Number of protein chains: 2
Amino acid sequence: MSTASSVPTFGCTCARLRKLTRRLTRIYDAHLSAQAIKVTQYSLLANAARGERALSEFAAELEMDRSTLSRNLAPLAAQGWVSISIGADARSRSISLTAAGRRKLKAALPSWRKAQCEVESILGTEGVGELHRKIERALAALPVPSGKRA
Amino acid sequence: MSTASSVPTFGCTCARLRKLTRRLTRIYDAHLSAQAIKVTQYSLLANAARGERALSEFAAELEMDRSTLSRNLAPLAAQGWVSISIGADARSRSISLTAAGRRKLKAALPSWRKAQCEVESILGTEGVGELHRKIERALAALPVPSGKRA
DNA sequence: AGCATATGCGTGTAATTACACCTATGCGTG
DNA sequence: CACGCATAGGTGTAATTACACGCATATGCT
């Protein structure tokens, strides 16, 4: 039935998740340190590679605060990997991956691959698959940050 | 068979996990904002309530860098919720929850409970249970930060 | 006792994260 | 066209996170 009672059945889901995130992030970052970038940055590059978009759209897809994304993109822009230009609407910023960014992404792929494979080998392909399914299911059910802040 | 191949079967597990963490954290933080604290701080208080310990032990349990924990405890100490005293070994810091900290933890419990119940009601008790199992399994299998940095 | 090493923390630095608030720009209506 | 509101970002502030390095203390060996 999985009826929601007024008393929690489990410990803090958020705390457990954060702990796992810390561990995973350390693994990926360790591998990516060979390329002097972090998983978060690798993800940003990989996402930027999906096409030029306004900052807001980009942030919405990642479900990240615009200011967060703006700040996280800054070091990547400083390295010349992404370009932040003024869009048609003079208020908006258009984010795109530069040629150097594409090269960097390509160069970092093997390191990311190693990290991902390490995780898959430790947890097993099955284990990772189930974890992904749980994550996707949760993402599909949980309320999105609503896009707009009232 | 779940054999680990040299090519990843899935997308970036870390990125997906981080996204879910962002969403969950927002939900908990929204509820806990009534108490002017964040989930991370609530977790710290709850963990501190388990007994007085040296900073290192505390950090090891949370698998958090000592410097991270040190900095995260600072605002809690500033509020008088935790005490950071010098241990038997003059180099070590002994962390303990103060009486005010216990009161704060008690006062914040209902807010945390609401957040946890909201998550359980959205994902279903079953769903959260399965998610927890996957998380615990992953935590059990993945390498711990080794405690010591060589 | 004295010195080398090991251990426990703090600081510097930097990125990740988000909220509240401000600025600039765009748009619609009178 | 001008006023008012809505929208896109940026800034201030603050917490979370971790690594490298440095300082102080403890410990072990001679």
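Numbers restart at 1 for each chain; the letters A, B, ... are given by sequence-line order, proteins then strands. Note: hydrogens, waters and symmetry copies are ignored here, and every other heavy atom, side chains too, is used. Computed from a predicted model, the values in this text were never measured in an experiment.
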J.: Taking salt bridge (Lys or Arg N to Asp or Glu O under 4.0 Å) as the definition, give me every residue that meets it alongside B/R103, ordered by chain and number, with sequence neighbours left out.
T.: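 Applying salt bridge (Lys or Arg N to Asp or Glu O under 4.0 Å) to B/R103 gives none.
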J.: Applying salt bridge (Lys or Arg N to Asp or Glu O under 4.0 Å), can you list everything that pairs with A/E61, at least two apart in sequence or on another chain?
T.: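 A/E61 satisfies salt bridge (Lys or Arg N to Asp or Glu O under 4.0 Å) with A/R53 only.
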J.: Going by distance alone, is a donor N or O of one side chain under 3.5 Å from an acceptor N or O of the other, for A/Q35 and A/Y42?
T.: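 Side chains of A/Q35 and A/Y42: no pair found under 3.5 Å.
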J.: How would you list, by chain and number, every residue that makes a salt bridge (Lys or Arg N to Asp or Glu O under 4.0 Å) with A/R93, sequence neighbours excluded?
T.: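 Residues passing salt bridge (Lys or Arg N to Asp or Glu O under 4.0 Å) with A/R93: none at all.
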J.: List in chain and number order the residues that pass salt bridge (Lys or Arg N to Asp or Glu O under 4.0 Å) with B/R16, two or more places apart in sequence or in another chain; answer none if no residue qualifies.
T.: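 Result, salt bridge (Lys or Arg N to Asp or Glu O under 4.0 Å) vs B/R16: A/E136.
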J.: Taking OP1 and OP2 of D/dA18, is either one under 4.0 Å from a side-chain nitrogen or oxygen of B/T68?
T.: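 For D/dA18, OP1/OP2 do have a side-chain N/O of B/T68 under 4.0 Å.
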J.: Would you kindly check whether a donor in the side chain of B/R91 faces an acceptor in the base of D/dG22, or vice versa, at under 3.5 angstrom?
T.: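 No such pair is found, so the answer is no.
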J.: Given pairs defined as Watson-Crick or G-U wobble with both distances under 3.5 Å, what dot-bracket annotation applies to DNA chain C, with ( ) intrastrand, [ ] crossing, | other strand and . unpaired?
T.: ||||||||||||||||||||||||||||||
J.: Output the rounded distance in Å from CD (A/E63) to C1' (C/dA18).
T.: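 These atoms are roughly 14 Å apart.
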J.: Enumerate the residues from residues 39-53 of chain B whose closest heavy atom to DNA chain C is under 4.0 Å, giving them by residue number; use none for an empty result.
T.: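 Hits under 4.0 Å, by residue number: none.
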J.: Strictly by side chain to side chain donor-acceptor pair (under 3.5 Å), give each pair with a member in residues 68-85 of chain B just once, sequence neighbours left out.
T.: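 Output for this query lists B/S83-B/S96.
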J.: What is the separation between atom CG on B/L69 and atom C1' on C/dG10, rounded to the nearest whole Å?
T.: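 Atom-to-atom, B/L69 to C/dG10, this comes out as 13 Å.
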J.: Rounded to the Å, how far apart are B/R66 CZ and C/dG10 P?
T.: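 Computing the B/R66:CZ to C/dG10:P distance gives 9 Å.
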J.: With sequence neighbours left out, write down each residue that passes side-chain hydrogen bond (donor to acceptor under 3.5 Å, both in side chains) with B/R22, or none if nothing qualifies.
T.: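 B/R22 satisfies side-chain hydrogen bond (donor to acceptor under 3.5 Å, both in side chains) with no residue once adjacent residues are dropped.
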J.: Is A/S67 touching bases, backbone alone, or none of the nucleic acid, heavy atoms closer than 4.0 Å?
T.: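 If one applies the 4.0 Å heavy-atom cut-off, A/S67 turns out to touch a base.
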J.: Starting at CG of B/L73 and ending at P of D/dT17, how long is that distance when rounded to a whole Å?
T.: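 Result: 11 Å.
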J.: Give the rounded distance in Å between these two atoms: CG of A/L76 and P of C/dA14.
T.: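 Between P of C/dA14 and CG of A/L76: 15 Å.
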J.: Using distance alone, with no hydrogens and no angle criterion, decide if B/R18 and A/T40 have a side-chain donor and acceptor under 3.5 Å apart.
T.: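 Short answer, no.
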J.: With sugar-phosphate meaning primed atoms plus P, OP1 and OP2, does B/N72 contact a base, only sugar-phosphate, or nothing at under 4.0 Å between heavy atoms?
T.: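 Base contact.
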J.: Which of residues 78-86 of chain A sit near DNA chain C, with a heavy atom under 4.0 Å from it?
T.: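 Within residues 78-86 of chain A, no residue comes under 4.0 Å of DNA chain C.
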J.: When the nearest nucleotide of DNA chain D is assigned to B/K38 and to A/K38 on a heavy-atom basis, which residue is associated with the more 5' position?
T.: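 Checking each residue's closest nucleotide, the 5'-ward one belongs to B/K38.
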J.: Taking DNA chain D as the partner, which of residues 15-36 of chain B come within under 4.0 angstrom of it by heavy atom?
T.: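 Nothing qualifies; none.
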J.: Starting at CZ of A/R71 and ending at C1' of C/dT17, how long is that distance when rounded to a whole Å?
T.: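 Whole-Å distance recorded here is 10 Å.
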J.: Can you tell me how far P of C/dT17 sits from CG of A/L62, to the nearest Å?
T.: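 After rounding, the reported distance stands at 9 Å.
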J.: Which part of the nucleic acid, if any, lies within reach of A/A74 when heavy atoms closer than 4.0 Å are counted: base, sugar-phosphate only, or nothing?
T.: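 A/A74: no heavy atom of the nucleic acid under 4.0 Å.
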J.: Quickly work out the A/D65 CG to D/dA8 P distance and round it to whole Å.
T.: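 Rounded to whole Å, this separation is 14 Å.
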J.: Please determine, by modelled atom types, if B/Y28 and B/Q116 share a side-chain donor-acceptor pair under 3.5 angstrom.
T.: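 Side chains of B/Y28 and B/Q116: pair found under 3.5 Å.
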J.: For DNA chain D, find the residues of residues 93-105 of chain A with a heavy-atom distance under 4.0 Å and give them by number; none if there aren't any.
T.: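 Heavy-atom cutoff 4.0 Å gives A/R93.
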J.: What pairs meet the ring-ring contact (aromatic ring centres under 6.0 Å, His included) rule with one or both residues in residues 120-144 of chain A, with sequence neighbours excluded?
T.: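 Qualifying pairs, neighbours excluded: A/H132-B/F10.
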